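One structure is given below, encoded as structure tokens.
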Protein chains: 2
Amino acid sequence: MNARQSLIQSAQELLWERGYVGMSPKAIQERAGAGQGSMYHHFKGKSDLAAEAIQQSADSFRDGADKWLGASGTPLERIRGYMLRSRQVLKGCQIGKLTQDPEIAANVDLRRPIDETFQWLQRRLSGVLAEGQQSGEISKNLNATEVAAALISVIQGGYVLASAAASPKPFHRAIRGVLSLLG
Amino acid sequence: MNARQSLIQSAQELLWERGYVGMSPKAIQERAGAGQGSMYHHFKGKSDLAAEAIQQSADSFRDGADKWLGASGTPLERIRGYMLRSRQVLKGCQIGKLTQDPEIAANVDLRRPIDETFQWLQRRLSGVLAEGQQSGEISKNLNATEVAAALISVIQGGYVLASAAASPKPFHRAIRGVLSLLG
DNA sequence: GTCTATAATCGGATAGAC
DNA sequence: GTCTATCCGATTATAGAC
């Protein structure tokens, strides 16, 4: 891997582990095995590198979700598959976690890829839910967009409960809870 | 207010705004109008002060929730009241947000008050749900503990979606979604 | 209890040599 | 493209005077 991509990958890992505020250029360089000169040659600075790292993380997040939501099976089966897929629960969401960082929330270049990813996921889930409403698997009384937002929120909030407890159990409990509501 | 409590309050605000990693002793002192000598007289250091601040925030979080869940009305009305109560959506959860900070997750003294608060809330919500199951307002096929975890997660995850969008709308959409599922 | 002085380390970069 | 040198402010304290 070249130095540029190695720096991006190190930044992705550190953003996930420490957030933007908690990630120093020095730590990125050490993890990537690159010097300061290299980093400041390839990127304007910390926020420029972070923007690229976040974009790549968002892209792979989307690919991962689409694999489950576009799988074979009935709409409800695909939703359940996505909700129940294995995750690194105690690490939190590589994308969602970043929204709670004050400097990411305040910088539109850092926030936009995250916003677009969640908008995409809401539309994608909402489409699958609507399919299920057509086929009669899911109640037509529900608003698909609202239920999609709730499903995404359960995952994101499940990470919060799991981190608080230092255990993945509350995460899985919450997923089971919302799936039982969905029927 | 005395210097000690003023320092605690400033730490509470900064933890909410910037997280533990992003909060410097200097910023706490400036906001509290106190000097370094004062802060290090009253507290052993940053983490000692943060532990006290988090404990007080957790206590008031619990009081706030209990007011809604212990209000008058049927169980389902009280759940809806709690879920729909007004919140500072774009600031995020004063308690839940902290779990995503790496140094809080890694320090049991900082994490414990948060864990205990969410455990309490889950039990409290679960109790109200069980009441509703007794009275026939809520389906007896549901597991009250799992549904309680899902409800809390929707709130916590709603904050994430709202921060990503820089808008409270996805938060309210998710709450409406899960309430429609609950019936 | 609070103040000021001091200090070692880190943070986030810039400059110029190679 | 990468390296080393340099910079200045911030971080997280400690020491001792008042």
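Remember, predicted model here, so these are calculated numbers, not experimental data.
Remark: A:Asn2 pairs with A:Arg4, A:Gln5 by the side-chain contact (heavy atoms from CB on, under 4.5 Å) rule, at least two apart or across chains. Every residue two or more places apart in sequence or in another chain that forms a side-chain hydrogen bond (donor to acceptor under 3.5 Å, both in side chains) with B:Glu146 is listed here: A:Arg176. Remark: B:Gln100 pairs with A:Lys97, A:Val160, A:Ser163 by the side-chain contact (heavy atoms from CB on, under 4.5 Å) rule, at least two apart or across chains. Applying the side-chain contact (heavy atoms from CB on, under 4.5 Å) test to A:Ala27 and every residue at least two apart in sequence or in another chain returns A:Leu14, A:Ser24.
Within the structure, salt bridge (Lys or Arg N to Asp or Glu O under 4.0 Å) pairs that include any residue of residues 27-51 of chain B comprise B:Glu13-B:Arg31, B:Glu17-B:Arg31 (at least two apart or interchain). Residue pairs satisfying the ring-ring contact (aromatic ring centres under 6.0 Å, His included) criterion with at least one member in residues 12-41 of chain B, sequence neighbours excluded, are absent.
Membership of the apolar cluster around A:Val21 extends to B:Val21, as traced through chained side-chain contacts below 4.5 Å between ILVMFWY residues.
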Listing, residues 167-174 of chain B side-chain donor-acceptor contacts under 3.5 Å, not counting sequence neighbours, or none:
from	atom 1	to	atom 2	distance (Å)
B:Ser167	OG	B:Lys169	N	3.0
B:Arg173	NH1	A:Gln122	OE1	2.9

For residues 76-85 of chain B, which side-chain N or O atoms pair as donor and acceptor with protein atoms under 3.5 Å away, sequence neighbours left out?
from	atom 1	to	atom 2	distance (Å)
B:Glu77	OE1	B:Thr74	N	2.9
B:Arg78	NE	B:Leu69	O	2.9
B:Arg78	NH1	B:Glu131	OE1	3.2
B:Arg78	NH2	B:Leu69	O	3.1
B:Arg78	NH2	B:Glu131	OE2	3.3

* Given the rule in the side-chain contact (heavy atoms from CB on, under 4.5 Å) test, do B:Arg18 and A:Glu103 qualify, once you have shown the distances and angles that lead to the verdict? -> CA-CA 8 Å; B:Arg18 309 242 339 135; A:Glu103 307 207 5; 3.5 Å; yes
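Listed by residue number, the members of residues 2-18 of chain B with any heavy atom below 4.0 angstrom from DNA chain D form an empty set.
When DNA chain D is scanned in the 5' to 3' direction for atoms under 4.0 Å from non-hydrogen atoms of chain B, the outermost contacting nucleotides are D:dA10 to D:dT14.
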Protein N or O to nucleotides 10-14 of chain C N or O, pairs below 3.5 Å:
from	atom 1	to	atom 2	distance (Å)
C:dG12	OP1	A:Lys46	NZ	3.1
C:dA13	OP2	A:Lys46	N	3.0
C:dA13	O5'	A:Tyr40	OH	3.1
C:dA13	N7	A:Gln36	OE1	3.0
C:dA13	N6	A:Gln36	OE1	2.9
C:dA13	N6	A:Gln36	NE2	3.2

